Each structure stands twice: as C-alpha cells, then as structure tokens.
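Report on one structure; see the data block that follows.
Since this is a predicted model, take the numbers as computed values, not measurements.
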Amino acid sequence: RQAEIDSIDKHYNLGNEFYEAWLDSSMTYSSAVFTEETTNLTAAQREKYRRLAHLAGLEAGDHVLEVGCGWGGFAEFAATEIGCHVTGLTLSTEQAEYARDRLKRAGVDDRTEIKLLDFRNETGRYDKIVSIEMIESIPASLWPPLFEMMSRSLQPGGRVSMQAITIADDLYDSLLQRDDFISKHIFPGGALPSISRLRELANSNGL
C-alpha cells in the first residue's frame, strides 16, 4: 500500500496551485469531449461528465461512488445537476481538501463525502459507480482488486461507468514488460490497460 501512496505523493500532492495554473476552471484532470456545441475546455469537460452520467444511468437520489474523485468536479456535477448523493475516494490529501471546500461552496456538502481511503478498503454499497481516468494511475496488479471492489460495492441492477486511457491490444503485453515514459513521468507506478483486458476484468467480476 505504501508504494501507491508514494506514487500519489509524487503526482497529485504536488500542490493545488500547480494544477490550478494549467487545468481548466473545473480542475478536471482527464480527457474532455468536444462537440460542435462545446466552444471551450470547461464546456467540453461538462459534456464528458454528462456522457459518463448517462452511461451510468444516474438519477436523482442515487448514491454514487466515484473511484478516484480528483478535485471534486464530477461529484459537484452529479450532486448539483442530477441530485445524486456522491461518495468520492482519493489518496491525495491535497485533492481531498480542495474537493471538500468546493463542494461546501457549491452548497452540496450535505449530499457529498470525500474519503481519504484506499479503494480496497471501501465497504459501502452504491447504486452506481463512476471512475474517470483513475485506473491508469495504479499498477496492473491492482486492477483485479479494483474490479472486485466495484462488483461487491454495486447494488443489484446498478451500473459502472468508466473512462480510461487505453493502449492497443497488440502493444499491451510489451508495455507491461518495460519501464516506459508514461509509467515513469506521467503516471508513476501506473500502467495503461487495453480494451480486451478491461473486458476480461469486467466479465470475471460479473460487470
């Protein structure tokens, strides 16, 4: 567990001011979705949130688990725009502090909770689960526990919506064999999954 915490310290605990200098105003650190209607990055990030919420089938009153909640952008969207109750998980003290403050300012701190918690220790049950570009930041050895946790945490009939940076299937095995630029400088200690690997993990856990 200490290795994962050390990786978070190297990356997400660099300081909120550092990330504020180059992220959009929603402090969203993941790929946006641009359409003909989205004219700037902030709008494109909201479009991404909207699509993930639609894929998960989020409805007012749902209790949603967000695995890897970042600075709280999706939690704020789901709570304010849809009326969900959101529990977010992070290992970053910087992110947790920022997210709690933003959700309080948004007036939804009564419907949101940010937990400084290793996802393997999550014991709650949720109507829906969302994870946005979190899986790449952890080593491949932790992917099975991640999917196992999501499976046991999901209420019957619930859905998981995940966004991930992936690598082509034919490059996946060779990627895991080397210490490349991404794992050293972009996601320290992490790895990129392939679509086939994600399907295997989902299927083996009944998702």
Side-chain angles (χ1 to χ4, degrees), residues 1 3-8 10-12 28-35 44-45 47-58 62 64-70 73-74 77-78 87-92 117-122 124-207:
R1 184 175 185 274
E4 292 89 70
I5 293 175
D6 290 343
S7 293
I8 292 297
K10 291 178 182 177
H11 199 121
Y12 297 108
T28 304
Y29 188 29
S30 49
S31 305
V33 175
F34 284 89
T35 68
Q45 293 291 13
E47 175 65 15
K48 184 263 301 295
Y49 287 158
R50 186 191 67 77
R51 293 189 183 203
L52 283 162
H54 176 73
L55 285 171
L58 264 56
D62 278 346
V64 181
L65 175 67
E66 185 183 5
V67 187
C69 63
F74 181 80
F77 174 87
T87 296
L89 305 183
T90 181
L91 282 178
S92 167
L117 183 72
D118 186 316
F119 68 81
R120 290 170 290 184
N121 296 325
E122 174 57 48
R125 298 272 281 175
Y126 300 89
D127 300 304
K128 313 285 170 56
I129 299 175
V130 174
S131 185
I132 306 174
E133 293 187 24
M134 170 271 184
I135 192 170
E136 311 90 324
S137 67
I138 61 176
S141 61
L142 289 184
W143 297 345
L146 171 63
F147 275 78
E148 189 278 327
M149 180 279 293
M150 292 193 293
S151 180
R152 63 176 159 78
S153 298
L154 199 61
Q155 296 280 15
R159 299 182 73 178
V160 175
S161 178
M162 174 180 282
Q163 177 170 317
I165 301 172
T166 61
I167 192 167
D169 286 326
D170 60 345
L171 298 176
Y172 171 72
D173 288 333
S174 63
L175 175 74
L176 296 183
Q177 304 301 319
R178 64 181 190 267
D179 191 14
D180 69 347
F181 182 87
I182 291 175
S183 62
K184 288 179 66 176
H185 302 291
I186 306 301
F187 299 115
L192 300 185
S194 68
I195 294 294
S196 293
R197 181 57 179 143
L198 290 174
R199 287 192 179 123
E200 289 173 2
L201 289 162
N203 291 336
S204 64
N205 285 280
L207 297 173

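- Using modelled atom types, no side-chain atom of S153 and backbone atom of M150 make a donor-acceptor pair closer than 3.5 Å.
- Not counting sequence neighbours, the partners of R152 by the salt bridge (Lys or Arg N to Asp or Glu O under 4.0 Å) test are E148.
- Checked against side-chain contact (heavy atoms from CB on, under 4.5 Å), R50 has the following partners two or more places apart in sequence or in another chain: E47, F77.
- The salt bridge (Lys or Arg N to Asp or Glu O under 4.0 Å) analysis of residues 196-207, with sequence neighbours excluded, yields the pairs R197-E200.
- In this structure, CE on M162 lies 4.5 Å from CD1 on I135, to the nearest 0.5 angstrom.
- With sequence neighbours left out, the salt bridge (Lys or Arg N to Asp or Glu O under 4.0 Å) criterion links K48 to no other residue.
- Scanning both residues, E136 and I165, for their nearest heavy atoms gives OE2-N, 2.5 Å.
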- [ ] Take Y49 and V130 through the test side-chain contact (heavy atoms from CB on, under 4.5 Å) and record every step on the way to the result.
- [x] CA-CA 10 Å; Y49 287 158; V130 174; over 6 Å; no
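- Considering all non-hydrogen atoms of both residues, K128 and A56 come closest at CD-O, 3.1 Å.
- Remark: D127 pairs with no residue by the salt bridge (Lys or Arg N to Asp or Glu O under 4.0 Å) rule, at least two apart or across chains.
- The minimum heavy-atom distance linking A191 with W143 is given by the pair O-CZ2, 3.4 Å.
- Judged by distance alone, with hydrogens and angles left aside, the side-chain atoms of Q45 form no donor-acceptor pair with the main-chain N or O of F74 at under 3.5 Å.
- Within the 3.5 Å criterion, the main-chain N or O of G206 finds no donor-acceptor partner in the side chain of S151.
- For D169 (side chain) and S196 (main-chain N/O), a donor-acceptor pair under 3.5 Å exists by modelled atom type.
- Side-chain atoms of F119 and L142, non-hydrogen and from C-beta on, do get closer than 4.5 Å to each other.
- The two atoms that bring L91 and D118 nearest to each other are CD2-N, 3.7 Å, heavy atoms only.
- The shortest non-hydrogen separation linking L192 to I167 is O-CG2, 3.7 Å.
- Checked against salt bridge (Lys or Arg N to Asp or Glu O under 4.0 Å), R125 has no partners two or more places apart in sequence or in another chain.
- Taken to the nearest 0.5 Å, the CD1 atom of I132 stands 5.0 Å off from the CG atom of L52.
- Counting only distance, with no hydrogens or angles, the side chain of S131 and the backbone of V67 share a donor-acceptor pair below 3.5 Å.
- A 4.5 Å side-chain heavy-atom check between T35 and R51 finds at least one atom pair inside the cut-off.
- Listed for the E133 side chain is no donor-acceptor partner under 3.5 Å among the backbone atoms of S30.
- A donor-acceptor pair is defined here as one N or O able to donate and one able to accept, closer than 3.5 Å; no such pair exists between the side chain of Q155 and the backbone of G157.
- Judged by distance alone, the side chain of D62 and the main-chain N or O of V64 form no donor-acceptor pair under 3.5 Å.
- Paired with S141 under the rule side-chain contact (heavy atoms from CB on, under 4.5 Å), one option of P145, P144, P139 passes, and it is P139.
- With values rounded to the nearest 0.5 angstrom, E122 atom CD is found 12.0 Å from L146 atom CG.
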